[in-house]
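Given the structure is predicted, the values throughout are model-derived calculations rather than measurements.
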Amino acid sequence: MPRPTRVFVALLALHLSLAPALAQEEGAGAYLAAVVATRDGAFEAGARYYAAGLAEAPGNPVMAQGAMVTHVAIGDVAGAVAFAETMAALGARDEFSGTLVPVSAMVSGDFEAALAALDDETLTQNPMLNQLLSGWAAIGAGQFGDGVARFEALNTTSGLRGVSAYHQALANAYVGDFESAARLYQAAGEAAYVSRGAVLAHAQILATLEDYEGARLLMTRGAGARINDAEANALRRNVIAGAPVSFDRVASPLDGAAEALMLMAEALRNDDALRLSLFFARLAAYLNPARDDVAVLIGDILVGKGQNALALAAYNAVDDDAPLALVALAGKAGVLEAQGEIDAAIEVLQDAIATQGEVPSLLNMLGDGLRRAARFGEAVEVYSRAIAALDNPEAPSAWSLYYARATALEREDRWPEAEADLRLALQLSPEQPLVLNMLGYSLVDRGLALEEALGMIERAMEQRPDDGYITDSLGWAYYRMGRYDEAVSVMLDAVLLRPGDGILNDHYGDVLWMVGREREAAFQWQRALDSRSTDIDRPRIEAKLERGLDAVLEEEGNGNQ
């Protein structure tokens with residue numbers, strides 16, 4: 001679906017409006033510790049430091065602001081409200097508290113208070129969010145016409161026509177006027193598809209009106225065809241079958257406000273503003289705790305900030321039978337693996353398969369985990385189960401499973417089987433660069449079908465000219481074919497693209513040796529040994545450093561190759 005326009009993203013930007021430095025010495029140490037912790041993404045530590053600093057300097061609004069923001073970041077939104085109130089008592093307000101306070105009022109059911117806070121004209125940094133939240137607050141207060149008018153007013157801002165149409169449609173669908181909602185979507189066209197939720201909401205609205213043909217086209221040929229999670233797939237099956245579909249995207253004004261905040265969070269995440277994205281995602285979860293897509297987004301953001309414990313808590317909030325359960329499981333397994341708990345990650349996936357059955361995507365994740373744990377034989381068996389579980393093992397999208405199984409087979413020294421999988425993957429997806437590169441490199445490294453292999457690698461290079469591994473494959477093909485002078489510049493490009501990769505340094509050393517640059521070759525071999533690469537042939541590299549490449553090749557019976 002289309003990415004928000006740059007104008008839209010610019011309107012979403014928030015900036016702290018309070019001075020970043022303390023005016024007095026009280027709490028300075030805690031403040032500095034909090035700033036460092038928060039900058040590094042350690043939000044739990046930051047929240048503790050800010051709270052401690054505020055206890056030492058209770059009259060400092062900067063400390064209260066920091067405590068408020070970090071408490072939202074760790075998911076304690078209710079606790080953050082107290083710090084926003086402290087700021088207000090000190091006569092300080094910013095865009096963060098200006099959003100948090102009305103959101104808290106809405107959760108409490110006081111929509112009039114939320115509306116009053118949102119209509120404060122001193123907070124003009126984020127007009128789009130204020131307009132959307134105030135619209136839903138007005139609807140919550142029983143002022144439906146005023147709420148829709150607030151959404152409609154966004155039409156006057158360039159780039160926000162789709163956002164306006166989407167929220168107007170949600171509001172009309174919420175009160176049961178699906179005809180008006182459908183007309184709004186029709187008038188806006190694809191501009192209304194500002195998020196995944198916007199597409200699914202439109203399909204629900206069409207199906208509710210029994211326009212199953214329109215819903216089917218949207219989910220199979222239109223924007224919905226690109227959404228492949230469990231929720232979308234279930235909706236797609238229902239509209240194809242003509243089964244009853246109910247509109248559940250917005251069941252209350254709180255859900256509508258959560259949708260506005262989720263839109264903000266997704267847009268700012270795409271714009272690399274993860275802390276701001278997290279702030280809005282947490283508020284969306286506060287408004288609608290049952291939204292699994294918000295929990296997954298929070299988990300993904302926290303992974304990006306290196307906050308694994310908080311990320312696990314977010315993923316764990318998604319029920320095992322929820323539509324996005326598989327996405328959350330993938331995130332959870334990824335966190336465990338990143339923490340070095342590869343066996344725990346594998347166990348999570350095995351348990352999920354035991355309860356959910358032979359789901360291809362789950363089996364694929366488990367195979368990947370086993371392969372990264374160097375349990376290649378087990379990975380082959382699991383990938384085979386994933387292929388057997390596919391509805392159509394010869395569908396173009398199945399190439400990735402054959403490719404993954406081939407990588408495990410190759411590490412098991414089962415090359416004929418690996419080659420068969422790679423050629424099948426290439427048959428399903430003829431120009432897939434990963435397959436072209438792996439098959440081409442593997443043939444080159446074995447001295448097989450060199451001209452065919454070179455052609456494959458060159459096709460992969462055309463698509464990914466800045467990929468260091470594909471560049472290495474090209475240089476290695478030249479080397480194996482005796483085209484040493486051509487190999488030198490290509491291998492240099494490879495090591496520059498992927499610095500610190502021991503295999504590439506090893507290859508570059510071999511190429512340099514063949515053109516008589518022996519001292520430089522030795523330098524590259526030493527760099528390979530000094531690298532963190534675990535899959536280099538250390539004894540062979542040490543032998544090359546001691547006796548030279550010619551002697552090693554002679555001992556191996558390979559002559560000058």
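- In the model, R291 has no side-chain atom that pairs as donor or acceptor with a side-chain atom of N288 under 3.5 Å.
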For this session: Take L497 and D467 through the test side chain to side chain contact (heavy atoms under 4.5 Å, CB included) and record every step on the way to the result.
Result: CA-CA 7 Å; L497 287 167; D467 188 307; over 6 Å; no
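- Here M68 contributes atom CE and M87 contributes atom CE; the two are 4.5 Å apart, rounded to the nearest 0.5 Å.
- The neighbour count for Y49 OH, taken as heavy atoms of other residues, nucleotides or ligands under 6.0 Å away, does not exceed 12.
- Qualifying side chain to side chain donor-acceptor pair (under 3.5 Å) partners for Y315, counting only residues two or more places apart in sequence or in other chains: D300.
- Residues passing the side chain to side chain donor-acceptor pair (under 3.5 Å) test with E341 are Q339, sequence neighbours excluded.
- The structure places CE of M365 at 6.0 Å from CG of L349, a figure rounded to the nearest 0.5 Å.
- Residue pairs that meet the salt bridge (charged side-chain N to carboxylate O under 4.0 Å, His left out) test with at least one member in residues 156-183, sequence neighbours left out, do not exist here.
- With sequence neighbours left out, E112 forms a salt bridge (charged side-chain N to carboxylate O under 4.0 Å, His left out) with no residue at all.
- In this structure, CD1 in I205 is found 11.0 Å from CZ in R249, a value given to the nearest 0.5 Å.
- Taking E462 as the reference, nothing meets the side chain to side chain donor-acceptor pair (under 3.5 Å) condition, with sequence neighbours excluded.
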Problem set entry | Stepwise side chain to side chain contact (heavy atoms under 4.5 Å, CB included) test for L154 and L132 | CA-CA 9 Å; L154 289 172; L132 291 177; 3.5 Å; yes
Problem set entry | Verdict with reasoning, R196 to E231, per salt bridge (Lys or Arg N to Asp or Glu O under 4.0 Å) | CA-CA 11 Å; R196 165 188 171 278; E231 182 182 10; 2.5 Å; yes
Problem set entry | Verdict with reasoning, H71 to F83, per side chain to side chain contact (heavy atoms under 4.5 Å, CB included) | CA-CA 9 Å; H71 274 75; F83 296 109; 3.6 Å; yes
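- In terms of the side chain to side chain donor-acceptor pair (under 3.5 Å) criterion, residue partners of N316 (sequence neighbours excluded) are, by chain and number, K332.
- Ring-plane geometry between H167 and F151 is classed as tilted, the angle between the planes lying from 30 to 60 degrees on a 0 to 90 degree scale.
- For W136 and F111, the gap between ring centers reaches or exceeds 6.0 Å.
- Using bins of under 30°, 30° to 60° and over 60° for the plane-to-plane angle, the ring pair F279/F96 lands in the perpendicular bin.
- By the neighbour-count criterion of 12 heavy atoms within 6.0 Å, atom CD of Q186 is sparsely surrounded, having that number or fewer from other residues, nucleotides or ligands.
- Distance alone, capped at 3.5 Å, is enough to place a donor-acceptor pair between the R282 side chain and the A73 backbone.
- Here the straight-line distance linking atom CG of L235 with atom CE of M219 works out to 4.5 Å at 0.5 Å rounding.
- No option in D292, D229, D293, N233 other than D292 meets the side chain to side chain contact (heavy atoms under 4.5 Å, CB included) test with P323.
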For this session: Could you walk me through whether D466 and R498 pass the salt bridge (Lys or Arg N to Asp or Glu O under 4.0 Å) test, one step at a time?
Result: CA-CA 10 Å; D466 296 325; R498 299 292 306 187; over 6 Å; no
Problem set entry | Trace of the salt bridge (Lys or Arg N to Asp or Glu O under 4.0 Å) decision for E266 with R269 | CA-CA 5 Å; E266 288 177 328; R269 181 194 182 193; over 6 Å; no
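- Side chains of T208 and Q204: no donor on one and acceptor on the other come within 3.5 Å.
- The distance from atom CD1 of I139 to atom CG of L254, rounded to the nearest 0.5 Å, is 11.5 Å.
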